[in-house]
Amino acid sequence: MNKRTRLVILIAVLAICFVFLWPTISWYGRTPKEVQQLALGSTENIKTYAENKAADDVRTIKDLAKKDSSTVLADDLEQFAWLNKAAAKKYKSFGEKKSASKMTVADVLGAYNSELEFMNVIKAKYRDEILKAKKYYDNSVKLGLDLSGGMNVIVRADLDAALEAQGDSVADTDVGAFKKEAMENAIENLTSRIDRFGLTSPVIRQQGEDRIYIEIPGAAQADAINTLIMGKGILNFRLSDMEATAAFQTYYAQHPASTFNAVGELMDPSVIPDDCEVFGVYTKDEYGLDERYDWLVVKKEVALDGKHIQSAEVRADQFTGQPQVCFNLDLEGTTIFGDFTAQHIGDYLAIVSDNKVKSNARIQDAINTGSVSLSGSFSQDEANNIKKVLQTAWLNVPLTVESQQVIGASLGEAAIKQGVMAIILGLSLILVFMLIFYKASGINAVVAQILNLYIMFAVLSAFNLTLTLSSIAGMILTIGMAVDANVLIFERIKEELRAGKTRAAAVQMGFDNAFWAIMDSNITTFIAAIFLSQLGSGSIQGFAVSLAIGVVSSVFTALFVSRLIFDFDTDVLHAKKVSIGWGIK
């Protein structure tokens with residue numbers, strides 16, 4: 001491989017590494033702390049924040065318009081200057097030209113057909129800013145609990161108790177499928193509860209057959225988390241007030257900024273009847289998270305409590321073939337539901353779970369059998385989501401906390417400082433030694449070490465890996481191994497120079513003779529690291545992964561980058577001698 005090709009490869013590698021590192025640089029170096037806190041919250045919290053901020057801004061701008069509609073928005077409120085450009089583009093789409101710099105508050109408001117449309121434009125700006133930061137975080141190097149602080153919990157699900165509670169309704173052949181479904185439901189419930197609590201990017205996954213691992217970075221109160229874990233979702237059926245819903249939707253479209261306050265309460269309770277509440281209607285988005293798409297006014301009185309549900313499943317309608325959700329009630333629930341549906345034929349009944357409407361179906365006939373079918377234009381995914389909602393009421397899986405570890409944020413900050421100091425101190429001492437012992441050639445080792453860390457962090461960022469104290473230990477070990485490769489190469493070059501070889505020949509023979517010695521030692525280390533990463537767990541796995549990455553990057557920098565620097569001195573700077581040690585000419 002000629003030198004120009006090697007240079008192109010090196011530049012390409014460095015450029016690719018920078019692309020991978022950019023999210024990490026942007027998140028830790030360019031994103032304000034307040035934006036980080038918002039981005040680390042749940043998607044639902046981000047949406048609520050954007051809506052509340054947009055509502056506040058709309059009210060501010062409308063108040064300004066009432067005082068003096070001829071005010072230029074950018075002059076009085078610079079933070080809204082961007083709205084002038086947005087409104088100018090809106091006018092341009094109508095075929096009307098307006099100067100953004102001279103646009104008044106009245107012009108800005110007049111560009112939009114309704115207050116809701118104007119509010120959505122502002123909301124999109126807040127939302128996009130936070131989601132952009134969230135995307136940086138998702139693609140950056142994460143800090144483990146030992147660095148960021150937080151807590152991890154291992155929860156045991158008592159599947160045998162859940163099975164026993166079902167009595168004889170589960171056949172012996174279906175026990176395995178039941179336990180699998182029960183675990184999926186328990187994880188779904190925990191994810192919903194913790195995400196709704198607004199915690200920072202929780203990690204929730206199954207561990208073994210009946211355990212759930214929960215990792216919550218950041219400050220979290222153990223008592224609050226235990227309450228969430230041991231708690232149970234609230235599900236019930238309520239009568240929908242469709243007339244009040246239509247009136248509320250009209251009101252909301254006209255007054256989106258002044259309908260709810262910052263905590264989601266109605267600012268004017270008189271917009272709905274006294275015996276009603278308004279909830280959001282939710283469905284699952286493409287990420288599997290709850291997404292509100294409408295509002296529904298329901299009665300405060302509960303028609304049927306979810307505890308009466310005994311089972312739920314998705315079937316195909318025998319006439320249309322469309323998915324429908326079927327569930328069975330116990331004896332008490334059958335009586336209650338039969339009487340209620342007989343009195344409300346033609347009305348709509350909503351399924352409310354944790355103050356979220358998950359379904360709203362029309363009562364077509366009185367249901368006295370205890371077997372209920374929800375049909376409509378459901379997709380298969382929508383039907384499965386409704387089934388999961390119903391399962392939260394009857395498939396009760398007892399959960400117990402087996403272990404819990406809390407790490408304070410101050411300890412995490414101290415660990416980061418100590419880890420960074422260890423890397424800097426170790427790297428500095430090694431580089432000073434290389435410069436003193438190998439003179440100018442030690443610069444090669446300095447450059448190789450810096451690029452080695454650069455590539456390691458880029459790989460961590462590319463695969464969204466988590467940086468822990470054990471990972472830092474692996475990096476420090478890699479620094480020593482990378483220097484070892486440089487030492488082997490330099491000593492081989494010195495031997496060739498003592499034998500009377502020219503600079504070019506000594507460098508060539510030095511790298512060739514050291515190649516297999518370096519490869520043998522690093523290959524064996526890499527194999528050990530791979531086995532540790534597969535068989536180990538926790539801190540051992542973190543150490544092994546960073547070590548494996550470091551082995552590959554150190555071999556590349558020692559054999560590829562260092563060689564390119566020597567060749568650059570020989571061919572471009574026309575160096576005749578090699579400054580590689582005392583007493584070597």
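Positions are given from 1 along the sequence.
Side-chain contact between L38 and K134: absent, with no pair of heavy atoms (C-beta onward) separated by less than 4.5 Å. In this structure, N444 and F490 have side chains that are in contact, with non-hydrogen atoms separated by less than 4.5 Å. The closest side-chain heavy-atom distance from I455 to V552 is not below 4.5 Å. With contacts defined as side-chain heavy-atom distances shorter than 4.5 Å, the pair I122/L83 qualifies. By the 4.5 Å heavy-atom criterion applied to side chains, N120 and K123 are counted as neighbours. With contacts defined as side-chain heavy-atom distances shorter than 4.5 Å, the pair Y126/D57 qualifies. The side-chain heavy atoms of R6 and R563, taken from C-beta on, include a pair separated by under 4.5 Å. L547 is listed as a side-chain neighbour of L477, based on a closest heavy-atom distance under 4.5 Å.
Pairs of residues two or more places apart, or lying in two chains, never qualify as salt bridge (charged side-chain N to carboxylate O under 4.0 Å, His left out) while including a residue from residues 443-459. The stretch residues 450-487 participates, sequence neighbours left out, in no ring pair (Phe, Tyr, Trp, His ring centres under 6.0 Å) pair at all.
Nearest heavy atom pair, residue M456 against residue S553, reads CG-OG, 3.4 Å. When all heavy atoms are compared, the tightest approach of S579 to S441 is O-OG, 2.7 Å. For the pair S140 and S461, the tightest heavy-atom approach, listed with the atom from each and the gap, is CA-OG, 3.9 Å. Here the closest heavy-atom approach between residue L431 and residue Q449 is recorded as CD2-CG, 3.8 Å. Shown here for A529 and A544, the closest heavy-atom pair between the two residues is O-CB, 3.3 Å. Smallest separation of non-hydrogen atoms from A506 and I493: O-CG1, 3.8 Å.
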Please determine whether side chain to side chain contact (heavy atoms under 4.5 Å, CB included) holds for the pair N486 and S562, giving the CA-CA distance in whole Å, both sets of side-chain angles, and the decisive distance to 0.1 Å. CA-CA 8 Å; N486 286 118; S562 185; 3.9 Å; yes
Candidate pair V108 and F80, rule side chain to side chain contact (heavy atoms under 4.5 Å, CB included), full reasoning: CA-CA 10 Å; V108 171; F80 297 129; over 6 Å; no
Apply side chain to side chain contact (heavy atoms under 4.5 Å, CB included) to the pair I489 and L559, showing each step before the final yes or no. CA-CA 9 Å; I489 294 169; L559 296 178; 4.0 Å; yes
Test side chain to side chain contact (heavy atoms under 4.5 Å, CB included) on I130 and K53 and set out the steps. CA-CA 12 Å; I130 299 170; K53 289 291 290 183; over 6 Å; no
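We find the NZ-CG distance between K577 and L497 to be 9.0 Å, quoted to the nearest 0.5 Å. Note: F511 CZ to D567 CG = 7.5 Å, rounded to the nearest 0.5 Å. Once rounded to the nearest 0.5 Å, the distance linking CG of D520 with OG1 of T525 reads 10.5 Å. Put simply, NZ on K92 and NZ on K85 are 13.5 Å apart, with the number rounded to the nearest 0.5 Å. Taken to the nearest 0.5 Å, the OG1 atom of T478 stands 12.0 Å off from the CG atom of D484. The CG atom of N452 sits 4.5 Å away from the OG1 atom of T557 when rounded to the nearest 0.5 Å.
When atom types are taken as modelled, the side chain of Y28 and the backbone of V141 share a donor-acceptor pair closer than 3.5 angstrom. Between the E181 side chain and the M183 main chain, no donor and acceptor come within less than 3.5 Å of each other. The backbone N or O of V545 lies less than 3.5 Å from no partner atom in the side chain of S533, so there is not a single donor-acceptor pair.
Ring geometry for F18 against W22 counts as tilted: the plane angle lies between 30° and 60°, on a 0 to 90° scale. Relative orientation of the Y137 and W27 rings is tilted, given thresholds of 30° and 60° on the angle between their planes.
Other residues, nucleotides and ligands place more than 12 heavy atoms under 6.0 Å from the CZ atom of F515.
Salt bridge status for K494 with E491: present, with a side-chain N to carboxylate O gap under 4.0 Å.
Screening E496, Q508, R492 against N513 for a side chain to side chain donor-acceptor pair (under 3.5 Å) leaves a single residue, E496.
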Between side-chain atoms of residues 568-575 and protein atoms elsewhere (two or more places apart, or another chain), which donor-acceptor pairs fall under 3.5 Å?
unit_1	atom_1	unit_2	atom_2	d
T570	OG1	R503	NE	2.6
T570	OG1	F566	O	3.0
D571	OD2	K3	NZ	3.3

